[in-house]
Every structure is written in C-alpha cells, then in structure tokens.
Amino acid sequence: DQQVKQNSPSLSVQEGRISILNCDYTNSMFDYFLWYKKYPAEGPTFLISISSIKDKNEDGRFTVFLNKSAKHLSLHIVPSQPGDSAVYFCAATVDRRGGSEKLVFGKGTKLTVNP
Amino acid sequence: DTEVTQTPKHLVMGMTNKKSLKCEQHMGHRAMYWYKQKAKKPPELMFVYSYEKLSINESVPSRFSPECPNSSLLNLHLHALQPEDSALYLCASSRRQESYEQYFGPGTRLTVT
C-alpha cells in the first residue's frame, strides 16, 4: 500500500510559467515532508522540506505548501526554467527525535519545461 | 565537498558471483543508507547505518550484506543474487540519523544475469 502518492506521472509546462507538482499521503503519523529532484544518471538531490508545524516554506523559486487536513502537499516552481526538467520525488517521514525513521518516497513526477 | 560517490557505475554479474558496491562521503555525516530503486518505482530503503552501527534492516534477504568499515565508507556485498535483484542501488548520507535531508550518490546500475 503506497503511503505517499504522486498521481501525475508527468507534467509539461512552458518556460516562465508556474509548475505545480502534487503529492498526497495516507499515513497521518507523517510530520515531515521533503521534495527531491532527480536528473537521469544522477542520484536524487534534496530540494526543499517542510515540517507539519508549518503550512508553507519558500526557498527562491521553490515553495512547498502543506495541507494537513487534506493530507496533501504541493511544490510550486515559479518561474519554471528548462533546467528544472527532471523527475521530482515527494518523501515523508515521522519526526521521532532520538529514534530511527526512514523516508518513504512517492513514485515521482517527470517535469518537462519547454523553452 | 557535498558529494557522495559510488563505484562502480555499472555492474553485470552472474547469479553465482560475489561482488561489492562501494559508497564514500567526506561530509562528516554519521548516518549512511542503502536504497534499491527499480524502474518507474520510488527508492526503497534497505539498510541504515548510524554512527557505523547497523540500525535499520528492512527485512532484506541475506544475499545482500552491508558493511560500514568507517564513518566515510559504506559497502554492500552481493552474493548469489537473482535476476529480480537487478536495479539501481543508491547510497545516501545525512548528518545524523535524525536529520532528514539525505544526500544521494549517483547510484550503481546492477544487472544480474
């Protein structure tokens, strides 16, 4: 049973426009969320994260929004650039300080930004 | 240096072979991870080492044997693998196990024939 779901396998946007990538989760224990970007032949690269005590976190062109009641988060990229074309993974974990935890990944969304 | 390196990049092995995957980081991170990723699937955690001790084994078959010789190195020893073990094997590290931002290497593409 997939606990982290990215229902759109792919997304195509024009350069300069907004890209919105969505992620849903089912485990209500998750309280920390991350987005990773992956280029072909490279490992995933950490992009941005958000704790469940917040509903928004912004870093330059990237903003992550969290809606806990809907168990939904989204990544906004504004403005989108061709170099943003990659596979984006959503990941979630339980914040257990002093304990062990693991990242649970979604299947990824392939973003293509067209010039 | 924010890099995690993995060798080899590609590996083809028979089902009776013994081989090892290597991972190295020099960021002073004290947690290191092995993930397995099949095509069009998310990375799946296999093992976690925290302060050079195995802290999580996600019920991985014994034909996969991890080893952490020191805080910078992580190995994955492979023996008697099956064709279904063919996948991308990713290594990652983080400052400590409770630090969620993990830095990934480029992976080793393993094919078992």
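Below, chains carry the letters A, B, ... as their sequence lines are ordered, and counting in each starts from 1.
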**Q** I need the A:Lys102 NZ to B:Tyr33 OH distance, nearest 0.5 Å.
**A** 12.5 Å
**Q** Is B:Glu58 close to chain A through its backbone or its side chain, or both, or neither, when contacts mean heavy atoms under 4.5 Å?
**A** side chain
**Q** Where do B:Pro43 and A:Phe89 come nearest, in terms of heavy atoms and distance?
**A** CD-CE2, 4.1 Å
**Q** Can you see which heavy atom on A:Phe46 is nearest to which on B:Glu101, and at what distance?
**A** CZ-CG, 3.2 Å
**Q** Do other residues, nucleotides or ligands put more than 12 heavy atoms under 6.0 Å from the CZ atom of A:Arg17?
**A** no
**Q** More than 12 foreign heavy atoms under 6.0 Å from CD of B:Glu52: is that the case here?
**A** yes
**Q** Check for me, please, whether B:Met46 and B:Leu54 land in the same ILVMFWY cluster - side-chain distances under 4.5 Å, paths through other members count.
**A** yes
**Q** With clusters defined by side-chain heavy atoms of hydrophobic residues (ILVMFWY) lying less than 4.5 Å apart, directly or transitively, does A:Leu47 cluster with A:Leu11?
**A** yes
**Q** Would A:Tyr32 end up clustered with A:Tyr36 when hydrophobic side chains under 4.5 Å apart are linked, directly or stepwise?
**A** yes
**Q** Counting only heavy atoms from other residues, nucleotides and ligands, does the tally under 6.0 Å from NZ of B:Lys38 exceed 12?
**A** yes
**Q** Report whether A:Ile20 and A:Leu75 are members of the same hydrophobic cluster (ILVMFWY, side-chain heavy atoms less than 4.5 Å apart, transitive linking).
**A** no
**Q** Taking C-beta and beyond as the side chain, do A:Leu103 and B:Tyr35 meet within less than 4.5 Å on heavy atoms?
**A** yes
**Q** Under a 4.5 Å heavy-atom cut-off, does chain B meet the side chain of A:Tyr39, its backbone, both or neither?
**A** neither
**Q** Look up atom OG1 in A:Thr45 and atom CD in B:Gln102, then write down how far apart they are to the nearest 0.5 Å.
**A** 13.0 Å
**Q** What part of A:Lys38 gets within 4.5 angstrom of chain B, counting heavy atoms only: side chain, backbone, both, or neither?
**A** side chain
**Q** If you compare all heavy atoms of A:Lys107 against all heavy atoms of B:Lys40, which two are closest, and at what distance to 0.1 Å?
**A** CD-O, 4.3 Å
**Q** Considering only heavy atoms from C-beta outward, does the side chain of B:Pro42 approach that of A:Val4 to under 4.5 Å?
**A** no
**Q** Could you look at B:Gln37 and say if it's the side chain, the backbone, both or neither that has a heavy atom under 4.5 Å from chain A?
**A** side chain
**Q** Any chance NZ of B:Lys19 has more than 12 other-residue heavy atoms, nucleotides or ligands included, within less than 6.0 Å?
**A** no
